[in-house]
Amino acid sequence: MPLLQFDLIEGRSESEIKTMLDAAHRAVLKAFKVPQRDRYQIVHENKKYQMVFEDTGLGLTRSDRLVLVRVYTSPRSSEQKQYFMAELARELESSCGIGGSDLMISFINNQQGDWSFANGSAQYLTGEL
């Protein structure tokens with residue numbers, strides 16, 4: 001169950017954000033083989049001055065279309081992470097015109113027992129999932 005949290009500079013339309021979220025979900029489905037309805041996404045819009053993303057010396061050029069994606073998930077293999085990163089970049093480029101230098105991805109690992117989907121129950125631990 002990955003939870004994707006997006007930070008972007010404000011100004012995109014509702015349609016642009018929906019397209020971005022749909023593209024990201026396709027990448028999740030392909031890379032992690034989760035069920036179709038295993039979809040958890042949050043978007044935070046920020047003023048331009050609230051997002052400072054340099055290039056760590058890689059020589060990247062960033063634009064106002066910058067997107068940071070944090071992926072909260074149970075541990076994934078290096079291969080799954082790399083596949084997801086490449087697939088997300090491909091999806092966002094083809095569906096949204098977001099170039100690779102405007103995409104930053106960070107994985108945040110947790111365990112399945114760290115999640116409650118509703119009712120204060122740890123569904124992974126109780127066997128409901």
Side-chain angles (χ1 to χ4, degrees):
M1 192 255 19
L3 163 65
L4 273 59
Q5 184 175 6
F6 300 78
D7 273 283
L8 40 113
I9 296 170
E10 65 186 0
R12 288 181 170 93
S13 70
E14 183 178 335
S15 174
E16 287 175 302
I17 291 172
K18 183 182 181 328
T19 299
M20 180 179 62
L21 296 179
D22 289 347
H25 190 58
R26 287 191 298 273
V28 166
L29 291 172
K30 195 168 184 181
F32 300 141
K33 309 286 190 231
V34 298
Q36 180 72 29
R37 290 180 46 92
D38 196 351
R39 184 172 180 172
Y40 300 90
Q41 301 169 318
I42 302 169
V43 174
H44 294 268
E45 293 185 274
N46 305 279
K47 298 195 180 309
K48 185 176 180 177
Y49 69 86
Q50 293 174 313
M51 291 184 66
V52 178
F53 284 78
E54 295 188 359
D55 67 356
T56 315
L58 296 172
L60 303 172
T61 302
R62 310 275 195 195
S63 79
D64 290 350
R65 299 191 48 76
L66 177 72
V67 177
L68 166 66
V69 180
R70 285 189 288 290
V71 183
Y72 296 83
T73 185
S74 56
R76 306 281 178 173
S77 70
S78 294
E79 293 79 18
Q80 282 181 310
K81 289 177 184 179
Q82 290 176 330
Y83 184 64
F84 172 76
M85 290 175 187
E87 190 61 24
L88 181 59
R90 188 194 66 72
E91 279 283 356
L92 293 181
E93 174 72 37
S94 65
S95 299
C96 308
I98 297 170
S101 63
D102 278 330
L103 175 60
M104 187 169 174
I105 304 165
S106 176
F107 277 81
I108 301 161
N109 290 324
N110 53 54
Q111 302 301 313
Q112 289 182 334
D114 295 333
W115 294 94
S116 171
F117 294 92
N119 303 319
S121 176
Q123 286 84 359
Y124 283 119
L125 296 178
T126 63
E128 295 170 80
L129 284 175

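Position 1 is the first residue of the sequence, and the numbers go up from there. Keep in mind the model is a prediction, meaning the values are calculated, not measured.
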query = Side-chain contact, heavy-atom cut-off 4.5 Å: Leu129 with Phe117?
reply = yes
query = Do you know which two heavy atoms are closest between Leu103 and Ala89, and how far apart they sit?
reply = CD2-CA, 3.6 Å
ask   = Looking at CD of Glu54 and CG of Leu60, how far apart are the two atoms once the value is rounded to the nearest 0.5 Å?
value = 11.0 Å
ask   = Are Phe53 and Val67 co-members of a hydrophobic cluster defined by side-chain heavy atoms under 4.5 Å apart?
value = no
Cluster link Leu21 to Leu88, ILVMFWY, side chain under 4.5 Å = yes
ask   = Closest approach of Pro2 and Arg76, non-hydrogen atoms and distance?
value = CD-NH2, 3.8 Å
query = Tell me, do Met20 and Leu8 make a side-chain contact under 4.5 Å, heavy atoms counted?
reply = yes
key: Salt bridge Asp22-Arg39, side-chain N to carboxylate O under 4.0 Å   = yes
Single-linkage hydrophobic cluster, 4.5 Å side-chain cutoff, Leu4 and Phe32 together = yes
task = Specify the closest pair of heavy atoms between Gly11 and Glu16, including all atoms of both residues, with the distance to one decimal.
result = O-OE1, 4.4 Å
query = Do Glu45 and Ile17 touch side chain to side chain, with heavy atoms closer than 4.5 Å?
reply = yes
Worked check of side chain to side chain contact (heavy atoms under 4.5 Å, CB included) between Asn119 and Glu128 = CA-CA 12 Å; Asn119 303 319; Glu128 295 170 80; over 6 Å; no
task = Indicate yes or no: does Glu87 engage Arg90 in a salt bridge with an N to O separation below 4.0 Å.
result = yes
request  = Looking only at non-hydrogen atoms, find the nearest pair between Ser95 and Arg26 and report the distance.
outcome  = OG-NH2, 2.9 Å
key: Co-membership, hydrophobic cluster, residues Val71 and Leu68, 4.5 Å side-chain   = no
query = Counting heavy atoms not belonging to Met104, are there more than 12 under 6.0 Å from its CE?
reply = no
ask   = Is there a donor-acceptor pair closer than 3.5 Å between any side-chain N or O of Asp102 and the backbone N or O of Ser63?
value = yes
remark   = Taking every heavy atom of Glu93 against every heavy atom of Gly99, the minimum-distance pair comes out as OE1-CA, 3.1 Å
Ser116 side chain reached by Gln123 side chain, heavy atoms, under 4.5 Å = yes
task = Please check if Val28 and Phe6 belong to a single hydrophobic cluster, counting links between Ile, Leu, Val, Met, Phe, Trp and Tyr side chain heavy atoms closer than 4.5 Å.
result = yes
query = Would you call Lys18 and Ser13 a side-chain contact if the rule is heavy atoms closer than 4.5 Å?
reply = no
ask   = So do the side chains of Tyr124 and Met1 get within less than 4.5 Å of each other, counting heavy atoms only?
value = yes
task = Keeping the roles fixed (side chain from Glu91, backbone from Ala27), state whether a donor-acceptor pair exists under 3.5 Å.
result = no
request  = For Leu29 and Pro35, work out which heavy atoms get closest and say how close.
outcome  = CD2-O, 3.7 Å
remark   = d(Ser106 OG, Tyr72 OH) to nearest 0.5 Å is 8.0 Å
request  = Can you spot which of Asn110, Ile42, Thr73 makes a side-chain contact (heavy atoms from CB on, under 4.5 Å) with Leu3?
outcome  = Ile42
inquiry  = Taking the side chain as everything from C-beta on, heavy atoms only, tell me whether Met85 gets closer than 4.5 Å to Phe107.
reply    = yes
key: Tyr40 vs Asp38 side-chain heavy atoms within contact, under 4.5 Å   = yes
